[in-house]
Amino acid sequence: MKALPARSCTDVFCCVIFIIIILGYIALGTVAWLHGDPRKVIYPTDSYGQFCGQKGTPNAKKSILFYFNILKCANPAVLINLQCPTTQMCVSKCPDRFATYTDMQLQYQITAAPWEYYRQFCKPGFNNPTKPVAQVLRDEDCPSVIVPSRPFLQRCFPDFITLNGTLTVAKRTHFKDALDTARSVTELRDAANGITGLVDAKEVGMKIVEDYATSWNWILIGLVIALVVSLIFILLLRFTAGLLLWFTIIAVILVIAYGIWHCYLEFSLLRQQPGADVTIVDIGFQTDVTVYLHLSQTWLIFLISLGTIEASILIILIFLRKRLRVAIALLREGSKAISYIMSTLFYPIITFLLLAICISYFAVTSVFLASSGDAIYKVMAAEPNCMYGNKTCDPETFNKTNVSKTCPGAQCTFAFYGGETPYHRYLFILQLSNLLIFLWLVNFTIALGQCTLAGAFASYYWARRKPQDIPTCPLFSSFSRAIRYHTGSLAFGALILALVQMARIILEYLDSKLKGVNNVVARFLLCCLKCCFWCLERFIKFMNRNAYIMIAIYGKCFCTSARDAFCLLMRNVVRVAVLDRVTDFLLFLGKVLIAGSVGVIAFFFFTHKIPIVQEDVPTLHYYWVPLLTVIFGSYLIAHGFFSVYAMCVDTLFLCFCEDLERNDGSPEKPFLMSAELHSILRKTEHH
C-alpha cells in the first residue's frame, strides 16, 4: 500500500515572499484608498475642477458636462478624458434648439426670454447679454452657438439623426455660428466621431437591462435546472457510466445532425427568396439580430460550422473507439470517488468566492489608483502663438500674473488629473504591480483548489479498503495540508504562470498599438511571440496541474513534483496522449449536452412555443438575451461540476500510473486500483 508520507513545509522562501507580497498588496490598496477619489471616475469635471452632479456642491443639480465649442474636440477619446481644448461647464440639461449668441442679442432687444435660456449655458455669474460678441468669444463667457444635444456618458453630444441616409441635427444639415460662419453637421460628426455608434450601443444596453429585469426569475429557474441535471448526471455515471456516456455521444451527434438539417432547410428556402443573398458585410452591424437570420449566408455559415464539428467528432470516435472502454472505466472509478467524497462537488463555490474577492479588490484598487492624481490646470490660450500656452498654472493666482496681459483671452482651466510627486510619477508602475499581483492571486486560488481536490481523491485511491480506509473529512484535511505545508509551492507555480500571462497581456497591448502601423516585420514578430507565449501558457498550466497532484500525494517541493510528474507522464506518454484526451472529450460532450438541453428548453419557452406556459412568458425586446444567459450559465455550472470530475480523473490517472510502477499485483505489493479498471487496462494494452 502506498500511504501518504509525513509532511513538511515546502518552498518556504517562496511562501515568505508570497506573504510579504500580500501584505504589500494590502498596503498598496490602503495608499490608493487614501490618495484616490472615485468621484473623478464617476463624475465629469468642469474647467474649474468641480464635479458635475456631486451632492453638497453648487453643481448638485447640474450633472451633465457641456462643451462651449465641441468642434475643437476632434476625437471622442479626448472628450471622455476631459482634455478637450474648450471651456467645459456643468449644466442641468443639454440644449434642445439651435441658437447663436448674435441671434440672442438681437432677440434680447425685444424680449429677455432668449437670454434666460441661453445664459444657462454661459459661465456662472455672467449676466451681460449686451457685451460685444468678439469679447464674449475671446473671454469664452458663452458659447458662440448651441446645437440640439442629448446627454451621453454624462456629457452633451449633438443629437445626430439620419434622415434618408443624410446625417442631420434637428432635421438640419447646416447652421451658422455667432460670427455668421457657415457650419456643417458633418463637422459636428467629425468632432464627435464614433459617438453615434456608442449611443446606439447604449440604447441596446438599456433594452438588454430591461430584458434582464423582466426575465431574471426564469433565468434563475433555468440555471437551477442545469444545476440539478449536472448533479444527477454525475451521480448516474457511477451506475450507468457506459450507457450514459454512449447515450451522451449519440445524443450530441443527433442534436448536431438535426442542426445541420435545419440549417440546410433554412438555407435552401432563403436561396429562393429575393434579397436574401445579401452578405453580412453589406448590412454591417445591426442591433436586431433577427435581421441576420433572414440572410442565406448566415445559415450557410451555421451549416459549415456544424458540419465541421460533426465530422471532427465522428473522426475522433472512429480512431479512439478502443480507448473509450478505458475512459469509461476511469470515469466510473471517478464517480465512485466522488460518491464517497460528495463535498468535493461543492468546492468550486469556495474557489468562486475567493476569485470574487480577488477580482473585487483588484477592481477597487485600480479605480482608486486611476483617480489618485491631483487636479492639474493649464493655460488655454485664445491665440496659437501664446508662449504660455499649455503651461501649468494655478487658478487662484492666475489673474495676478502677466499671462492674461501677454496672451489676451487666456484662461487657467482644468486639464486632467496627475501630479509630480514620486507617488504620482510611479502610478503606472503601481498599476502594473496591481495587475501582476492580481494574476498571481488568481492562479494561486486555482492552484489551491486543484491541490485540495487532488489530495482528497488521492486519499481515496490509496485506501486499501474503500470506503473504510478513507480518512474522515478528506476534503478539509487536504485543504488544511495544502495551506499549512504547501502554500510556497502553490505560490511558486502560480507566479510562473502569472509572469507568462503578464507577458501575453503586454504583447496584446503592443499589438493594439501597432494595428495602425504598416511595419510588416514588427507585426509578424509580434504574432510569433504571441503564439509562442500562448503555447507556453498552455504547457505551464498542464504541468502545474500535474505538479499539484504530485504535491498532494507526496508532499514534495514544486520543482521536484513537476519533474516527477513530467517523467511519470513521459513514461506513460501513450496513455496520456490518448486516454486523458478521451476523458476530457467525453466530459466536454457532457457539458455540451447539459447546456444544449437546457438551452433548447429555454429557446422554446422564450419564443412562446410551449403552449402550457405561454401566458407566463415575459415580453422581451431580444429573446436571445435570457436565452444566451441560460446557455452560458448552464455551461459554466456544468463546467464547475465537471471540473471536479476532471480533476478526479487526472488524479486517479496519475495514481494509476504510479501504482503500476510501484506495485506488481503480488500479495506483498498488491495493486490499489479496482479489479475492473485493471482488467480493462490490461486488455487494452495487449491490443
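In this text the structure is predicted, and so the values were computed from the model without any measurement.
- The local environment of NZ in Lys93 is sparse, with at most 12 non-hydrogen atoms from other residues, nucleotides or ligands closer than 6.0 Å.
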Residue pair Tyr117, Ile146: steps toward the side chain to side chain contact (heavy atoms under 4.5 Å, CB included) verdict: CA-CA 11 Å; Tyr117 180 79; Ile146 57 175; 3.8 Å; yes
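- In this structure the side chain of Ile359 never reaches within 4.5 angstrom of the side chain of Phe362, judged on heavy atoms.
- The aromatic rings of His639 and Tyr635 sit parallel to each other, their planes meeting at less than 30°, with 60° as the upper class boundary.
- Looking at Phe126, Phe68, Phe66 one by one, the single match for ring-ring contact (aromatic ring centres under 6.0 Å, His included) with Phe121 turns out to be Phe66.
- The disulfide (SG to SG under 2.5 Å) test applied to Cys393 returns Cys412, not counting sequence neighbours.
- Under 3.5 Å, the side chains of Asp103 and Tyr118 contain no donor-acceptor pair of N or O atoms.
- The cationic atom of Arg504 (NZ for Lys, CZ for Arg) does not lie both less than 6.0 Å from the six-membered ring centre of Tyr509 and within 45° of the ring axis.
- Ring-plane geometry between Trp33 and Phe368 is classed as tilted, the angle between the planes lying from 30 to 60 degrees on a 0 to 90 degree scale.
- Using a 4.5 Å heavy-atom threshold, the side chains of Leu507 and Phe533 count as touching.
- Within the 4.5 Å cutoff, side-chain heavy atoms of Gln431 are placed close to those of Ser366.
- For the pair Leu441 and Tyr25, the minimum side-chain heavy-atom distance is below 4.5 Å.
- For the residue pair Asp141/Gln135, the side-chain donor-acceptor check at 3.5 Å is not satisfied.
- A donor-acceptor contact under 3.5 angstrom links the side chains of Asn128 and Thr130, judged on distance only.
- Below 30°, between 30° and 60°, or above 60°: for Phe444 and Phe18 the angle between ring planes is between 30° and 60°, a tilted geometry.
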